[in-house]
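Some notes on the structure that comes next.
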There are 2 protein chains.
Amino acid sequence: MADTKAKLIDGAVRVLAAEGLQGASARAIASAAGVNQALVFYHFGSVDRLLAEACRWATESRVALYRERFAAASSVADLLAVGRELQAAERAAGNVTVLAQLLAGARTDPRLAPAVADGLGLWIAEIESVLTRLSGSMPFADLFDVPGLARAVAAAFIGLELYEGVDPDGAAAALDALERLAVLTEVLDGLGPVARRALRSKIRRTGTR
Amino acid sequence: MADTKAKLIDGAVRVLAAEGLQGASARAIASAAGVNQALVFYHFGSVDRLLAEACRWATESRVALYRERFAAASSVADLLAVGRELQAAERAAGNVTVLAQLLAGARTDPRLAPAVADGLGLWIAEIESVLTRLSGSMPFADLFDVPGLARAVAAAFIGLELYEGVDPDGAAAALDALERLAVLTEVLDGLGPVARRALRSKIRRTGTR
DNA sequence: GTCTATACATGGATAGAC
DNA sequence: GTCTATCCATGTATAGAC
């Protein structure tokens, strides 16, 4: 990739993380990239399109970075631990913040929407493959609609990231609570055959609605 | 409340819902409210402060509207049903969207942050009281850190609202998946004494980490 | 490809008449 | 309290020299 284009994309990511969508002007981005403002339009045509590119790039590089960690997760607790690690790392690097900011902007900017949807899709695909693996070895797999859950997890994570911006302590408490709740899956996982049979019949009686 | 102030707050809410934070300029808001642009500054001093007021108002009126429905929920499935109903209603009225937009903006606008935190706090308090009630009648209440879970639920809901903007079908699938998962709590709730004892000892063995 | 300069629009905010 | 008019900063985007 051309040097200047890369610098601009990197600058866009950094500005989005630091100043949000509001501060992501062509001038601010070019300044962060250390290049001339006019080059934004020469290389990308508009600020929108630069932001869309930045979204794709930031997401791809970040997902790739965490792919092996996701692959190593062997329980829901592991998955939450990766999530926590990811969140801590992103507090500094802020690439999830980029996605959150663009997600909020995409609602009113149709040019941004497809790029953001793609970016989120990468995370969702990753989570989906972990959940598929995990639910395969679980006793009550029919309770888990993996594609839907993956979307719920991704959306929740974005929401938590935004929430952290206004209440860091609250966000930490939320993650703690989820981790504690995750013990439940381990419990179900390690259940003896008798209790398991009782649960299963109860599920059948309750139905899936 | 003075007529013009009310009109401006209402205009701000409508513009935020329709055009997002990006489109929420003094001129756009005043136009939506049918009043003169200069009145934004006369009554509120700045656009920021008007948005903060709008956040408080939109949240308070909306939370009040749903208070009785929350109070009527007697299971996790009920709570999710209220959430689904709320989401459908907000697709039209868009007051949760307002909160989501302002949450994204609050990251870089310190004047907005406290108002948004307060607004979210109202929802969290409501969810917290439902969860307290529900977990009281549940067999494994010690797995539920109610304040943390309430924050997680609120943040997740905001995330879903934003996600819906770029992928409505995906958001619907996510809600479906959560509803299906909620069957698990009903199952636990209606467990016989033998299975319950087995689960409880398993929890003790697994620990709360 | 990159720079300077600039046209042009939008938005925050204020002054001053009514 | 409300209006018109206006100032000034910022932002998008382009033209044209290098």
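Throughout, a chain's letter reflects where its sequence line sits, starting with A, and its residues are numbered from 1. Atoms considered below: every heavy atom in the structure, side chains included; atoms not considered: hydrogens, waters and symmetry mates. On a predicted model such as this, the values are computed, not experimentally measured, just so you know.
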Minimum-distance pair of heavy atoms, taken over all atoms of [X] and [Y]:
X	Y	answer
L134(A)	S74(A)	CD2-C, 3.3 Å
V166(B)	P168(B)	C-CD, 4.0 Å
A24(B)	L16(B)	CB-CD2, 3.9 Å
L175(B)	R84(B)	C-NH2, 3.5 Å
L51(B)	A12(B)	CD2-CB, 4.4 Å

Take the protein atom [atom1] of [X] and the nucleotide atom [atom2] of [N], then report the distance between them rounded to whole Å.
X	N	atom1	atom2	result
L39(B)	dA15(C)	CG	P	16 Å
R49(B)	dG12(C)	CZ	P	14 Å
L50(B)	dG11(C)	CG	P	15 Å
L8(B)	dG12(C)	CG	P	13 Å
K5(B)	dT2(D)	NZ	C1'	15 Å
I29(B)	dG11(C)	CD1	P	11 Å

| task | Encode nucleotides 4-18 of chain D as B, S and - characters from 5' to 3', where the letter depends on protein heavy atoms closer than 4.0 Å: B to the base, S only to sugar-phosphate, - to neither. | result | B-B----BBBB----

| Expected output: side-chain S31(B) to main-chain R27(B) donor-acceptor under 3.5 Å | no

| request: Mind checking the CD-CZ spacing from E161(A) to R91(A)? Nearest 0.5 Å is all I need. | output: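 E161(A) atom CD to R91(A) atom CZ measures 8.5 Å (nearest 0.5 Å).
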
| Test side chain to side chain contact (heavy atoms under 4.5 Å, CB included) applied to L99(B) and L103(B), step by step | CA-CA 6 Å; L99(B) 197 53; L103(B) 183 58; 5.7 Å; no

| Inter-axis angle, terminal five-pair segments of the helix from dG1(C)-dC18(D) to dC18(C)-dG1(D) [nearest 10°] | 0°

